[in-house]
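For reference, the structure is listed below as C-alpha cells.
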Amino acid sequence: MQYLLNAREMKQIDKNTIEVFGVPSLVLMERAALRVVEMIKKEAADAKRTLVVCGTGNNGGDGMAVARMLYLEGNEVEVWLIGNPEKCSEETKKQYDILKAYGIPVVEQKEGFCEQFCVQEPDSEQAQIQTQMQTQIQAQTAYTLIIDALFGIGLSRNVEGIHREAIEEMNRLEGTKIAIDIPSGIHADSGAVMGNCFYADHTVTFAYNKTGLWLYPGADAAGQIHIADIGITKESFLEKEPQMLMPQAEDLTRLPKRKADSNKGTYGKVLVIAGSEEISGAAYFSAKAAYLSGCGLVKVFTHEKNRTMLTTRLPEAIPVTYDGKKNLKESLIAAVQWADVLVLGPGLGRSDTARQIVKLTIQTAAVPIIVDADALNLLSEELEILKGPHTDLIVTPHLGEMSRLVDMPIEYIKKNILMTAQDFSREYNVICVLKDARTITSIPYGKTYVNTSGNHGMATAGSGDVLTGIIAGFLAGGLTPEEAAVFGVYVHGLSGDAMVEKTGYYSLMAEDILDGIKEVLK
Ligand SMILES: NC(=O)C1=CN([C@@H]2O[C@H](COP(=O)(O)OP(=O)(O)OC[C@H]3O[C@@H](n4cnc5c(N)ncnc54)[C@H](O)[C@@H]3O)[C@@H](O)[C@H]2O)[C@@H](O)CC1
Ligand SMILES: [K+]
C-alpha cells in the first residue's frame with residue numbers, strides 16, 4: 001500500500017523532519033531540487049533552454065534551486081518570479097540570492113502581466129509581418145523545458161491575477177512541462193482545479209504521494225507521477241500514520257491463500273440474492289465472479305424465471321428460486337442461514353417483493369452482506385433500515401445510487417467524493433465503496449482507500465455485478481470485510497485493465513471482466 005497524504009499531513013511531517021530530527025529546511029530543498037534534475041535526465045527531457053516559473057513560497061525555492069543546477073550544467077535558464085519578492089519565504093529568499101550571485105536571469109513579475117509574455121493581436125499588415133518575424137525568432141529561441149514552481153501544497157485559495165496569467169502562459173508555451181511537487185492550481189487534498197491549473201507531462205512529488213495527484217481532475221493535470229525521496233521518512237509521522245492509502249500490485253500477496261489440503265467447503269459459501277422477473281444477467285455475473293475469485297460454493301436466490309438461464313450458463317451455481325410470494329420468506333431465511341457471505345441487490349428490481357427481500361435479509365443476516373444496485377435504491381427510500389442494528393455491510397453505490405442515498409446532486413458528490421464516502425460510512429456504520437473513475441473505499445472511523453486500477457471501458461452493464469461477486473469471493477475465502485472490499489475493487493480494476501488491450505475501450509463487456517479475473521489471479 002502506498003500512503004496518500006493531504007497538505008496538512010505533508011506540512012506536519014516536513015516540520016517534524018526539520019524540528020524533531022534537526023534536518024535543515026534548505027537541505028530538504030536541495031535534495032528536492034536534485035531529484036527533479038535527476039528525473040529530467042532519466043526522462044531525457046531537453047533542458048537546453050529552460051524556463052522556471054517560481055512563486056514566493058518554498059515551491060518557488062525548489063524551482064530556483066533546480067534553475068541553478070541546470071544553469072551550472074551549461075543550459076540556458078530563465079527564471080520568472082511571480083509575486084512580490086519581498087514576500088518570499090526565508091528559504092526562497094536565500095535561493096534568490098544564490099541565483100543573483102551566479103548571474104542567472106530572473107524576471108520579476110509583481111503585478112499585471114507584462115506585454116513580453118502576452119500574445120498581441122496584429123492590427124496592420126506591417127504588424128503582421130513583424131509578428132511573423134517574431135514568431136520565427138521565438139521558434140529558434142523557444143523553451144525546451146517549462147518548470148512549474150509557482151505553488152505547491154501551500155495553495156490556499158483560487159488562483160487569480162498574475163498567477164492565473166502565469167499558468168495560462170506556461171500552458172501555452174511549447175516544451176516538456178514539469179510540475180514541482182504538484183501542478184500549480186491543483187488542490188493537494190481533493191484534486192480540484194482552483195481557478196485554473198498547470199498541465200504537466202511529469203510531476204515530481206516529494207516524500208509521499210498527495211491525494212490530489214490521484215483524484216480527478218488533478219490526475220489529468222499531473223501527467224506521469226514520480227515520487228522523490230528527499231529524506232523525509234516514516235519516522236517523521238511520529239506514530240501518527242496517514243489514514244489514506246492506495247493499493248499496489250505487491251499487495252496482491254494478501255489475497256486468500258489456497259491450501260493443498262482443501263475442499264470446496266474450505267473457501268466459503270456465497271449466496272447471491274439477485275435478479276428478478278425482468279432481469280436475469282446480474283445474478284449470473286455476480287455468481288460467476290464469486291466462483292472465479294476462489295469461492296467454493298455459490299447459491300443464487302432468484303426468480304423462478306431465471307432458473308433455466310442460470311443452469312445453462314453457470315451450472316456450477318445452485319439456484320434457489322421463488323415464484324410470486326409463495327414460500328419466499330421461509331426459503332430466503334433458510335438460504336441466508338446456509339451462507340457465509342451474501343450479495344444483495346444486483347438486478348433485484350424495485351417491486352414490493354424486492355423490498356421485502358432486502359428488508360428481511362438485512363434484518364435477519366448474521367454474516368457480511370455486500371449491498372448493491374437495486375437494494376441500495378430501495379434502501380434510499382427506507383434509510384432507517386441501515387440505521388438499525390445490522391451485520392457487517394459493504395455498500396457499493398455508483399454516483400447515481402449515492403445521489404439517491406444522500407439526496408445530493410451527482411455533480412456535488414463527484415466533487416466531494418472522499419467526504420461523501422467517509423460521511424456515509426460513519427453515519428450508517430458500513431464500509432462504503434463509492435464507485436467512480438477513482439473508487440473510494442471508506443472504513444467507518446478508519447482508513448480510506450483510493451483505487452487507481454481500472455479504465456473507462458469498464459463503465460458497462462454488469463461491471464458492478466462482477467465487483468460484488470469478487471468482493472464476496474474474497475470474503476468467503478477468509479479476508480476481512482475491509483480487505484475484501486479494498487482488494488475486490490483493486491482486482492476488479494486490474495481485470496478490466498488486463499482485457500482492454502484485447503477488446504479496446506469501446507467493446508469491453510462484463511463477460512470480458514470475468515475473463516480478466518482469471519488473468520489477474522492465475
Ligand atoms: N522544508 C519544507 O517545508 C520543504 C518544502 N518543500 C516545497 O515547499 C512547498 C510548500 O511550500 P509553502 O508552504 O511555502 O507553499 P507554496 O510554495 O505552495 O506557496 C505558498 C505561498 O503562496 C501563497 N498562496 C497560496 N495560494 C495562493 C493563491 N491562490 N494566489 C496567490 N498566492 C497564494 C501563500 O500565501 C504562500 O505565500 C512544497 O510543495 C514543496 O515544493 C520542499 O522544498 C521540501 C522541503
Ligand atoms: K508546482
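Starting from 1, each residue takes its place in the sequence as its number. Here the structure is a predicted model, which is why all the values come from computation and not from measurement. As the structure lists them, so they are numbered: ligands from 1, and atoms in each ligand from 1.
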### Task
Verify the distance criterion only: is there a donor paired with an acceptor across the side chains of E235 and T233 at less than 3.5 Å?
yes
Pairs of donor and acceptor atoms involving the side chains of residues 407-417, under 3.5 Å and at least two apart or interchain, shall be tabulated with distances.
residue, atom, partner, partner atom, Å
K414, NZ, D436, OD1, 3.4
K414, NZ, D436, OD2, 3.0
N416, ND2, Y412, O, 2.9

### Message
Between P183 and the K ion (ligand 2), is there a contact where an N/O/S atom of the residue lies under 3.4 Å from the metal?
### Response
no
### Message
Between I186 and K210, is there a side-chain heavy-atom distance shorter than 4.5 Å?
### Response
no
### Query
Do you see an N/O/S atom of D181, backbone or side chain, under 3.4 Å from the K ion (ligand 2)?
no
### Message
Quick check on the K ion (ligand 2): does F198 put an N/O/S atom closer than 3.4 Å to it?
### Response
no
#### Entry: the K ion (ligand 2) reached by N59 (N, O or S, under 3.4 Å)
yes
### Message
Is the shortest side-chain heavy-atom distance between T439 and V433 below 4.5 Å?
### Response
yes
### Message
If you take the centroid of each ring, where Trp contributes its six-membered ring, are F474 and Y490 closer together than 6.0 Å?
### Response
no
### Query
Around ligand 1, what residues show up once you keep those with a heavy atom under 4.0 Å from it?
D14, I18, S25, L28, M29, G57, N58, N59, D62, F151, G152, I153, G154, L155, S156, R157, N158, V159, H163, D181, F206, I230
### Metal-centred angle, O of I182 through the K ion (ligand 2) to OG of S184, rounded to 10 degrees
100°
### Pairs flagged by side-chain hydrogen bond (donor to acceptor under 3.5 Å, both in side chains) wherever residues 52-61 is involved - sequence neighbours left out
N58-S89
## Note on the structure
With rounding to 10 degrees, F151 O, the K ion (ligand 2) and D148 O define an angle of 150°
### Task
For the K ion (ligand 2), decide whether A149 has an N, O or S atom at a distance under 3.4 Å.
no
### Query
If you measure from the Lys or Arg side-chain nitrogens to the Asp or Glu carboxylate oxygens, is any gap between K387 and E427 under 4.0 Å?
yes
#### Entry: Contacts of type ring-ring contact (aromatic ring centres under 6.0 Å, His included), residue Y428, not counting sequence neighbours
F424
### Check: Q224 and E43 side chains under 4.5 Å, non-hydrogen atoms
yes
